[in-house]
Amino acid sequence: KQAAESCPSTILFDLEDMKKAFDGIDLKSTPVHLIVSNYPVVFFALFNSYLKSNNMTLADVKGVFRIDPLGNLARSGEIKMDIDKYYQVMALILNYLVSNKSALRAVEVDATVYNDGGANAVQEIAYALATGAEYIRGIADRNVSIDDITERMSFSMGIGSNFFMEIAKVRAFRMLWAKVAKEFGAGTEGQKVHLHTKTTKSNKTKLDQYVNMLRVTNESLAAVVAGTDSHTVRPFDDQFGLPKDFSRRISRNTQLFLKEECNLRDTIDPAGGSWYVETLTAQLAE
């Protein structure tokens with residue numbers, strides 16, 4: 001069973017569901033972000049079978065195949081397998097990806113659960129670092145090299161409305177993870193962070209939902225300025241039932257105007273050199 005964490009989600013049980021979910025999507029040019037809940041081996045085999053049935057291989061696909069047992073534990077209070085079995089599964093899938101020359105990332109630390117629960121910037125950074133280090137230890141003990149682990153890891157963080165703090169948080173995390181990965185023996189590529197961000201849930205209001213549009217726009221701008229690799233703009237009403245077509249369209253268009261009309265793709269590290277942001281980044285990292 002494959003399920004996303006919020007509505008609207010697509011639940012996939014078999015190849016027919018997989019075909020419907022990816023109908024019209026060119027997986028060779030469109031990165032995926034698959035959130036696996038409890039049974040990663042089953043869904044990985046299903047996804048691989050779907051690729052083969054469409055004359056594709058894992059080497060053709062980029063993106064994230066999220067296996068995050070500790071994140072699931074934090075979110076729901078339980079996991080379906082012993083943590084050691086999860087590490088065995090993660091090691092098995094990573095080795096399979098390496099042997100098939102796939103760039104797909106199969107381990108993701110999802111720190112959005114802490115952000116949505118009210119964690120501050122320092123706490124979210126700390127939990128993400130600690131979880132990432134735990135995954136490296138658990139997987140490395142099962143005959144997977146440090147570089148093969150770190151180069152196929154990804155992180156997700158929530159972005160709140162404290163604009164400059166969120167920019168500094170992402171920048172500080174990148175710097176700190178590079179130090180952590182280096183201590184484990186990772187090379188240059190393994191020290192780089194692949195980061196996905198999401199607008200936070202914790203500050204959205206039900207009584208005046210349209211104000212949430214302002215919040216997600218501010219949060220999305222912070223994420224892009226901070227240098228996220230990919231970003232999710234949650235619909236402004238997604239916490240209060242199934243999002244409407246209008247809110248989903250606004251969510252998509254928020255990304256489009258930041259990308260196409262604000263020219264944010266054309267600037268490398270727009271926050272770099274700002275005394276305030278650089279100082280705040282250093283303070284968070286310390």
Side-chain angles (χ1 to χ4, degrees), residues 31 33 62-68 70-71 87 90-91 94 97-98 102-115 119-141 144-160 162 164-198 222-232 264-265 267-286:
H33 199 123
K62 295 181 180 180
V64 178
F65 182 89
R66 180 202 289 177
I67 307 175
D68 182 27
L70 297 180
Y87 290 151
M90 293 159 88
L94 283 175
L97 291 174
V98 172
S102 173
L104 194 66
R105 298 172 186 271
V107 177
E108 183 173 57
V109 176
D110 182 16
T112 62
V113 61
Y114 307 111
N115 183 282
N120 61 36
V122 172
Q123 291 168 334
E124 188 176 3
I125 290 172
Y127 298 147
L129 291 172
T131 305
E134 169 64 17
Y135 285 166
I136 290 178
R137 293 189 189 97
I139 300 170
D141 287 342
V144 185
S145 74
I146 296 298
D147 283 330
D148 286 339
I149 299 170
T150 55
E151 291 177 18
R152 286 170 176 77
M153 287 185 70
S154 180
F155 292 84
S156 285
M157 303 187 83
I159 301 295
N162 191 340
F164 291 107
M165 181 66 76
E166 297 303 288
I167 295 173
K169 178 181 74 178
V170 170
R171 290 162 57 87
F173 178 75
R174 287 188 180 277
M175 179 170 62
L176 291 172
W177 178 252
K179 293 179 179 291
V180 171
K182 184 178 181 179
E183 289 299 317
F184 276 105
T188 302
E189 289 301 314
Q191 295 173 31
K192 297 178 181 178
V193 173
H194 181 274
L195 183 67
H196 179 73
T197 50
K198 296 181 182 180
V224 176
V225 170
T228 186
D229 293 295
S230 59
H231 180 65
T232 294
L264 292 176
R265 293 185 304 169
T267 305
I268 298 174
D269 193 13
S274 163
W275 180 88
Y276 178 62
V277 174
E278 298 286 8
T279 300
L280 190 56
T281 300
Q283 290 174 343
L284 280 178
E286 183 179 356

Asker: CG of L284 to CZ of R171: how many Å apart, nearest 0.5 Å?
Answerer: 11.0 Å
Asker: When rounded to the nearest 0.5 angstrom, what is the spacing between CZ in R105 and CD1 in I67?
Answerer: 14.0 Å
Asker: Report yes if some heavy atom in the side chain of H194 is under 4.5 Å from a heavy atom in the side chain of V64; otherwise report no.
Answerer: yes
Asker: What is the ring orientation for Y127 with Y114, classed by angle as parallel under 30°, tilted 30 to 60°, or perpendicular over 60°?
Answerer: tilted
Asker: Tell me whether Q191 contacts the main-chain N or O of A186 through its side chain, where contact means a donor paired with an acceptor under 3.5 Å.
Answerer: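 At least one qualifying donor-acceptor pair exists.
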Asker: Please check: side-chain N/O of D229 versus main-chain N/O of L195, any donor-acceptor pairing under 3.5 Å?
Answerer: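 The answer is yes, because a donor-acceptor pair under 3.5 Å joins these two groups.
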Asker: Kindly compute the distance separating CG (N115) from CG (N120), expressed to the nearest 0.5 Å.
Answerer: 10.0 Å
Asker: Can you tell me how far CH2 of W177 sits from CZ of F155, rounded to the nearest 0.5 angstrom?
Answerer: 4.0 Å
Asker: Looking at V277 and A271, what are the two nearest heavy atoms and their distance?
Answerer: CG1-CB, 4.0 Å
Asker: Under a 3.5 Å distance rule, please check whether D68 uses its side chain to pair with a backbone N or O of D110 as donor and acceptor.
Answerer: yes
Asker: Could you report the tightest heavy-atom contact between K62 and L104, atom names first, then the distance?
Answerer: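 The answer is C-CD1, 3.9 Å.
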Asker: With no hydrogens and no angle check, just 3.5 Å: does a side-chain donor-acceptor pair link E108 and Y135?
Answerer: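 Note: E108 and Y135 side chains miss the donor-acceptor criterion.
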Asker: Would you mind reporting whether L94 and V107 have side-chain heavy atoms less than 4.5 Å apart?
Answerer: yes
Asker: Can you label the angle between the H196 ring and the H33 ring as parallel, tilted or perpendicular, going by 30° and 60°?
Answerer: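 Judged by the thresholds at 30° and 60°, the geometry between H196 and H33 is tilted.
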Asker: If you measure from CD1 on I149 to CZ on R137, what distance do you get to the nearest 0.5 Å?
Answerer: 11.5 Å
Asker: Could you tell me the separation between the NZ atom of K169 and the CE atom of M165, rounded to the nearest 0.5 Å?
Answerer: 9.5 Å
Asker: Give me the one residue out of T281, V225, L280 that meets side-chain contact (heavy atoms from CB on, under 4.5 Å) with I167.
Answerer: V225
Asker: Show the nearest heavy-atom pair for residues A181 and T150, with the distance to one decimal.
Answerer: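 Heavy atoms only, the tightest pair is CB-CG2, 4.5 Å.
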Asker: Please find the pair of heavy atoms, one from P31 and one from G63, that lie closest to each other, and give the distance.
Answerer: CB-CA, 4.4 Å
Asker: Please give me the minimum heavy-atom distance between T112 and M157, naming the atom from each residue.
Answerer: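 Heavy atoms of T112 and M157 come nearest at CG2-C, 3.4 Å.
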Asker: What's the shortest heavy-atom distance between A226 and V170, and which atoms?
Answerer: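 Closest pair (atom of A226, atom of V170, distance): CB-CB, 3.6 Å.
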Asker: Please list, chain by chain and in numerical order, all residues satisfying side chain to side chain donor-acceptor pair (under 3.5 Å) with E189, sequence neighbours excluded.
Answerer: K192
Asker: Is there side-chain contact between M153 and I136, with at least one heavy-atom pair below 4.5 Å?
Answerer: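 A side-chain contact under 4.5 Å exists here.
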Asker: If you count the non-hydrogen atoms of other residues, nucleotides and ligands that lie under 6.0 Å from CZ in F184, is the total more than 12?
Answerer: yes
